[in-house]
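Notes follow the structure.
Numbered from 1 within each chain, the chains take letters A, B, ... in sequence-line order.
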Amino acid sequence: MFRWILLWLTVLMGGACSSYYYAPNTLHTPHLKERHDTQVSLGGLTGPEFSGFELHGSYAVSHRWALMANYMDLAGGSTSGESRGRGRLGEGALGLYFPLGEETSTGLFLGWGAGNVLYQHEGGVRSRLNFHRYFGQYYVSVERGAFRLGTALRLNYLQYRKGWIDYRIGEPHVSKIELIEERSPFLFPEIGVSAGVGSRPIWVNFFFNVMEYQPAEELGLAEYTAGVSMVFQMDYFWRAEKLKK
Amino acid sequence: MKKIFHFGLLLSASLFVLAACNQKADFDYYYYEPQDYALLSKYLNLPSKPDNYATRLPQHIAARGLSARPVDNNKAILGRVLFYDKKLSKDGKVSCASCHKQELAFSDDKPVSRGVFDRVGTRNSIALGSVLNFSAYYGTDLFGPSGIPFFWDNRAPTASEQNLATMANPVEMAMSHADIVSAVSAQPYYAPLFRMAYGDERVTIERVSESIANFVNAIGSYRSKFDREAERTMGNNVWSNLEASNFSGFTAAENRGKALYLQNCASCHSQLQERPVSLLANNGLDATTDDPGVGGITKKQSEMGTFKVPLLRNIALTAPYMHDGRFATLEEVIDHYSTGIKAHPNLSPQLKSGNQPRRFNFTDQQKSDLIAFLHTLTDETVLTDKRFSNPFK
């Protein structure tokens, strides 16, 4: 925790100059209870020296099976403006969900995603890394009154595939990338917690995601992301429509 | 139907995971602008990402406080091209590499090398295979920050000054500094290399010599059998008694040779081949001064007939020996020290017994043991290291 506070302080003090080649996207905890339950969310996400947005959608295709799709788009750069980066990740997952009583839902998803991280440094020199990520995610979501809580554990298999690197990006970026190339693929866990307020069908969710891999910093893997999102339970609208009819 | 669906899902997931396994990252590194690399590739075999010329000295040497001189990779790459470029000589037939051949640990197999227009030099080409050791330094040490001087007569304090003098030497490359600048400027492949090394394409003699120096300073032979054994046996213990401890990876003959070397040779050539103990010495090749050596530069009577004391790294590969290449084999060298030292007025004290030349009187067994040991100083890797090879197509 102390290290994260330090990282935040570093950003606030304007010393930002690191490059990151992976960041955990939000571990979503869709509160699925029955067939056709649908949740979408749009949120802002931030991490050490970058920020961006996320889209999420989940849909219960049957009374057990569900689909999930996520997209994350992050951008960042040094405070002096000499370098800037952009990272994207899109993924899809298939899973099983289990309602546990009135208030709780749990589920297990298996998914695959692809992403890339593009950096442009001083002088226009660039690096671009493409990766695939396979994951299994278990989550629990509790909804009581105006509050929602969720937690999830995700096991990732992160595989860097191709990369185009202009060597002139210099250090420490080159060393990080060479280390990534040497050590890829990575197997590591992530934990996410979220807390939301609202009422059906709209919620405001705050979340925090942490990954555990050592030495993450040496490899340019961001250890955490945090953010806020608006969650819409879309099924509420079409069910309401159906009731009207 | 449901079962088939679930089975299908499981099968897909398994195949998916299998497909993901063990795929290594495959990154392409670019260093030059595509048009620059295309131009360079017309003339040169340079890797698309820069070689790393930084060196970590073995622990038994680093523990004594020595460190390799820092090298700028961009300048070393440029230096590599310059080192092998024959256009830097008057007749277009001689490069630095003509007399410093990689396969011979950057030495020449002729007693004295031939320069432009087949002109004959006066001294044996010094092996550059251990320049890294010459230029290794303690930061500020008793030899000054510039390390060990260059040339047999120690007239160049640095590798930069050494290469400038060689290029201008009428026998060797016979190019004035202005000639060098215009020859380099005329070659299209240098523009991108200068840009990478210096930020612009401007060719100056200082940049040329600095780049060659960066390349030459990085040439090191520190992965010999002797180094491996010394590092394993001594590690950080700089006070380790080398004479007393046999190296387990050495043969009996090599260990006996090591003991003989440490007793009789190391007082000048150094125990660990890290850098010579003396900067100059007369080793009794002649009774009179034929070639003044260091004395010819310093004009000191006491230094007449003295020459640089070389390190013995790769010595088995760098025949012929001595400043004039008079000895064709290591056997002849050892015979000289055994019974042939002459009474030169400036004969090194280590080679004297009273006022007379010392007679080591090595037995045949001792001679062969010494030679066995000297072969352990060979670093085969430097002979084929691509970073130091001819980049021209």
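- By the 4.5 Å heavy-atom criterion applied to side chains, Arg168(A) and Glu33(B) are counted as neighbours.
- Around the NZ atom of Lys386(B), the shell of radius 6.0 Å holds no more than 12 heavy atoms that belong to other residues, nucleotides or ligands.
- Residues Lys49(B) and Glu178(A) have side chains in contact (heavy-atom distance under 4.5 Å, counting atoms from C-beta outward).
- Taking OH from Tyr160(A) and CZ from Phe27(B), the interatomic distance works out to 7.5 Å, rounded to the nearest 0.5 Å.
- The shortest heavy-atom contact between Ser184(A) and Lys24(B) is O-NZ, 2.6 Å.
- With a threshold of 4.5 angstrom between heavy atoms, Leu129(A) approaches chain B through side-chain atoms but not through N, CA, C or O.
- Tyr29(B) OH to Asp166(A) CG: the interatomic distance, rounded to the nearest 0.5 Å, is 12.0 Å.
- Tyr43(B) meets the ring-ring contact (aromatic ring centres under 6.0 Å, His included) test with Tyr189(B); sequence neighbours excluded.
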Query raised in the report: Can you check side-chain contact (heavy atoms from CB on, under 4.5 Å) on Tyr30(B) and Tyr167(A), steps first, answer last?
Result: CA-CA 6 Å; Tyr30(B) 299 94; Tyr167(A) 228 77; over 6 Å; no
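- More than 12 non-hydrogen atoms from other residues, nucleotides or ligands lie less than 6.0 angstrom from CD of Gln35(B).
- The distance from the CG atom of Asp28(B) to the CZ atom of Arg128(A) is 12.5 Å, given to the nearest 0.5 Å.
- Salt-bridge check for Arg161(A) with Asp26(B): failed, with every basic side-chain N at 4.0 Å or more from each acidic carboxylate O.
- Considering only residues two or more places apart in sequence or on other chains, Tyr198(B) meets the ring-ring contact (aromatic ring centres under 6.0 Å, His included) condition with none of them.
- Atom NZ of Lys101(B) has more than 12 neighbouring heavy atoms from other residues, nucleotides or ligands inside a 6.0 Å radius.
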